[in-house]
Amino acid sequence: MTFSFERLKVYKRSLELVEKIEELCKSLKGKLDFEYIDQLKRTVLSIPLNIAEANGRWHKNDRKQFYYVSRGSVFECVPLLHIIYRKGLIDERMYNELYSTLEELSKMISGLIQSTEKLER
């Protein structure tokens with residue numbers, strides 16, 4: 001059996017980001033305060049978790065709310081990424097790669113929100 005959210009490209013892409021961020025966080029231990037690392041790990045994990053939970057909801061408004069939370073988590077990752085980059089803990093290539101992925105996820109989740117709104121009409 002496959003859950004419907006497992007087929008979503010945005011869900012798969014968000015899992016890839018979780019893996020990249022987990023690797024990054026491992027490399028940051030001892031170089032960055034624990035609070036930053038912990039917050040980044042929790043907020044990036046929130047992205048696929050809320051996409052999955054949204055797809056388990058029957059009511060469109062509930063579903064949309066979880067998509068909003070997921071998109072908010074994407075936005076929360078951006079300043080954390082900025083901080084890590086400004087501290088010189090990642091190079092420009094890594095920064096641009098992660099930033100681009102966050103932009104992509106933001107657009108994809110916005111598309112999920114819009115498609116849910118269309119179902120309401």
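Every heavy atom of this structure was used, including side-chain atoms; hydrogens, water molecules and symmetry mates were not.
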Worksheet item: Does Arg7 have any side chain to side chain donor-acceptor pair (under 3.5 Å) partners at least two apart in sequence or in another chain, and if so, which?
Response: none
When clusters are formed by joining ILVMFWY residues with side-chain heavy atoms under 4.5 Å apart, either directly or through shared neighbours, do [X] and [Y] land in the same one?
{"X": "Leu17", "Y": "Tyr36", "value": "yes"}
{"X": "Val10", "Y": "Val69", "value": "no"}
{"X": "Leu15", "Y": "Phe66", "value": "no"}

Measure the [atom1]-[atom2] distance between [X] and [Y] for me, rounded to the nearest 0.5 Å.
{"X": "Ile37", "Y": "Ile21", "atom1": "CD1", "atom2": "CD1", "result": "11.5 Å"}
{"X": "Ser115", "Y": "Lys60", "atom1": "OG", "atom2": "NZ", "result": "11.5 Å"}
{"X": "Cys77", "Y": "Leu102", "atom1": "SG", "atom2": "CG", "result": "5.5 Å"}
{"X": "Leu105", "Y": "Ser70", "atom1": "CG", "atom2": "OG", "result": "8.0 Å"}
{"X": "Phe5", "Y": "Ser14", "atom1": "CZ", "atom2": "OG", "result": "10.0 Å"}
{"X": "Leu32", "Y": "Asp38", "atom1": "CG", "atom2": "CG", "result": "11.0 Å"}

Compile the donor-acceptor pairs under 3.5 Å between side chains in residues 44-53 and protein atoms, sequence neighbours left out, one pair per line.
| from | atom 1 | to | atom 2 | distance (Å) |
| --- | --- | --- | --- | --- |
| Ser46 | OG | Asn50 | ND2 | 2.8 |
| Ser46 | OG | Ser73 | OG | 2.7 |
| Asn50 | ND2 | Ser46 | O | 2.9 |
| Glu53 | OE2 | Arg57 | NH2 | 2.6 |

Indicate yes or no: at least one non-hydrogen side-chain atom of [X] is less than 4.5 angstrom from one of [Y].
{"X": "Leu89", "Y": "Tyr95", "result": "no"}
{"X": "Glu76", "Y": "Gln39", "result": "yes"}
{"X": "Phe3", "Y": "Asn55", "result": "no"}

Worksheet item: Which of these, Lys20, Arg13, Lys12, sits in a salt bridge (charged side-chain N to carboxylate O under 4.0 Å, His left out) with Glu16?
Response: Arg13
Can you give me the closest heavy-atom contact between [X] and [Y], atom names plus distance?
{"X": "Ser110", "Y": "Arg71", "value": "OG-NH1, 3.1 Å"}
{"X": "Tyr99", "Y": "Leu81", "value": "N-CD2, 3.6 Å"}
{"X": "Cys25", "Y": "Lys41", "value": "SG-CG, 3.4 Å"}

Discussion item. Regarding Glu97 and Arg93, does a basic nitrogen lie under 4.0 Å from an acidic carboxylate oxygen?
Written reply: yes
